[in-house]
Amino acid sequence: MCGIVGATSERRISSILLEGLKRLEYRGYDSAGIAVIDANGQLDSLRRVGKVQALVDAQASAGTNGTIGIAHTRWATHGGVTECNAHPHMSGSELAVVHNGIIENHEHLREFLKAEGYQFDSQTDTEVIAHLIHHERKTCGSLLEAVKAAVRQLHGAYGMVAMDTREPETLVVARSGSPLVIGMGLGENFVASDQLALLPVTHRFMYLEEGDVAEITRTQIRIYDQQDNLVEREQHESDVTYDAGGKGQYRHFMLKEIHEQPIAIRNVLEGRLTTDSIASDTFGQGAEDILKDIEHVQIVACGTSYHAAMVARYWLESQANVSCNVEIASEFRYRKSFVHPNSLLVTISQSGETADTLAALRLSKELGYRASLTICNVGSSSMVRESDMAFLTRAGAEIGVASTKAFTTQLTGLLMLVLAIGKHRGMSADKQAEIVAAMKSLPAKIEEALALEEAIETLASDFANKDHSLFLGRGDQYPIAMEGALKLKEISYIHAEAYAAGELKHGPLALIDEDMPVIVVAPNNELLEKLKSNIEEVRARGGIMYVFADKNAHFGSDDSLHVLDVAHCDPLIAPIIYTVPLQLLSYYVAIIKGTDVDQPRNLAKSVTVE
Ligand code: G6P
C-alpha cells in the first residue's frame, strides 16, 4: 500500500528517495512522486502515474535534486489514479506533504479551507492536510507547531511527512494509525513507512508510537508524544538484510519465496522444539503462565493469514482440545462479539500492520481477553509491539504481494501453539512427540512437493484460456482450497472459488462443465473416501478435474481426471505440504497469462487502511 520516504542530509538525496520507493514497490501502488527543496530554496516536485521507474526516468531528465526531500508511492483511495492525485501534495509554493492512511473528516475540512481561500487541485484527502498545515503555519511559529495544530483537527489514520521552504533543513512527521520509522545516519536522518526502504543508508531505527509528532533535521530528532511531552523512543539496530536485486536465479520474487519455504520453515523450528515437545520459552517469557489458563482461542486475521487461522481452528480443536473461533478482522472489529472466559486473542499477520487486524487487537484490550498473542513476520511491527506475546515466523522479507512462505511459516507457528496449549489440556506425551516428529519432517516434505514443479508447469497451460475455476477440499484442506483459489485469482486474474467438497451439491455442481476446471486437494486422511464420492459427482457431470493426491490414495488418471502424486506425509502437516503445489500452479498460470506476478493489479502487500 502507500509508501513514504523522506531524507535530510548534506548530500543530494533524490537517488536515496527513489531507491527507497523502489524498495517499497512490492507493497503495491499505482503512482509515485517526489519533492525536494532545491539549491535555490524552491520546492521542486515530480509525479508520475505507473511504475517508480517512470519517476526515476523523469527525475533523471529534469535533474530534480536537493539535500532535503520527501517521496511517496500512492495506492488510490480518494480520487482516481492520476498525476494530480499522486503525492506529494503542495500548498502554496512553500509546503509539501506525503501521507499514508485516510482522513475521515476531509470533506468538512475541505469546505472550511475553501472558505479560507484555498484552491484544491486533487480529489485526495491528503491535499486537505497540506492546506490545513499551511493555514496553521500562518499563526504558528514553526512547521512543527503547525503540524501539531493540524493533526489535532484530523480524524482518521495518518503517517505523514511535511516539508516547508521556510525551514529548509526540517522534516516534520506525525503518526496515528499508519506506521513510520525514523532512520538515523551520520549527519543525516531519514523517515519511512517501512524500514526496508532505508536499509541502504542506515540500520539504526526508532519507531514512532501512536500520536507522536517529530521534528527531524540532519543532526537532531525531537519527538513529542500525544500529550505534547518531549520523549525519547528506543533505538534499534536492525539485522534485516534486503538485497534489492535479490531474485537470485528466479524470475520473480514469488517463485523465489516459494522455493525458500524449506529453509524458512527450518528457521521457524530452530531452537523452539525439544526432542519430543515444545521449548518452554517459545512464546516468550511468562507465556506458559498465560497459556496454561487458556480455555478458548479467538483468532483474527485478513487474507492469506485468515486462511492460516482457519486451518488452526481444525488443529486446535482436534489436537489441543481447546475451542477456537476464527474471524475476518474487518468483521470482528465492527460487531459485538461474545468473549469466552479465559480467552486468548490471536492475531495472525505477515506484516503486523494490517489496519483491520491491528484495530481488532486494540479493540480486544477493551473486551476482557485474558491475553493477546500475535503470530507475525515483522519483529518491529505494531502488532508485535502491542501484543502481550509475540511469535515471530522468521520467514525473511516477503516481497511478492501474493503471500507464500509467510503462510506456511504461520502454519508451522500455529502447530507450535497447538503444542503449547495442548500440553496443558491433556495432550499425551506420545501425541506431543508425534507432532514434533511431523513438524521436523516439514522441510524435507516441502522439498518433495517442490519437485512437482515441472509437472505443474506443464499442467498450467490447461488453465490459460479459462475464466473460472473451482477448488475443493475437506476438513483442514478446505482452507487450503481457499488459499489455492485466492492465489490463482490474485496473480492470474482467473475467477476462482473454493468450496468444502461436501457442499458441492448445494449449488456449485450447477457450474460444472468442461470450461470450469476443478482443482481438488486430496491427502490420504480420514475424509478421503468422502472426497472420492465428491470427485465422482463432478465426473458424472462432465467436469475436468486436477487432483493433488497422496501417492497412496490410488487415484488413476484418465481424460477427465488428471492426478498429480504428492509424496505421503503425516496428515497433520498435509495442509502445509498441499499448499506448495497450489502456489506453483497459480504462479505458472500467471506466467502464461503474462500478468505482473509480484505486483498484481489493484492489490497491496500491506493494507494499512481499512
Ligand atoms: C494483503 C496482502 C495479502 C495478505 C493480507 C493480510 O491483502 O496482499 O497477501 O494476506 O493483506 O496481510 P497480513 O500482513 O496481515 O498478513
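Remember, it's 1-based here, ligands and their atoms both numbered in the order they're listed.
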| said: Under the ring-ring contact (aromatic ring centres under 6.0 Å, His included) definition, can you give me all pairs with a residue in residues 344-400, not counting sequence neighbours? | reply: Phe283-Phe391
| task | Would you confirm whether Ser606, through its side chain, and Arg27, through its main-chain N or O, come within 3.5 Å as a donor-acceptor pair? | result | no
| remark: Of Gln583, Gln261, Glu398, Glu260, the one forming a side chain to side chain donor-acceptor pair (under 3.5 Å) with Lys405 is Glu260
| task | Identify, chain by chain and in numerical order, each protein residue with a heavy atom under 4.0 Å from an atom of ligand 1. | result | Cys302, Gly303, Thr304, Ser305, Ser349, Gln350, Ser351, Thr354, Val401, Ser403, Ala604, Lys605, Val607
| request: To the nearest 0.5 Å, tell me how far Gln298 CD sits from Asn325 CG. | output: 5.0 Å
| query | Would you say the ring centroid of Tyr546 lies under 6.0 angstrom from that of Phe463? | reply | yes
| task | Assess the pair Tyr250 and His252: is the distance between their ring centroids shorter than 6.0 Å? | result | no
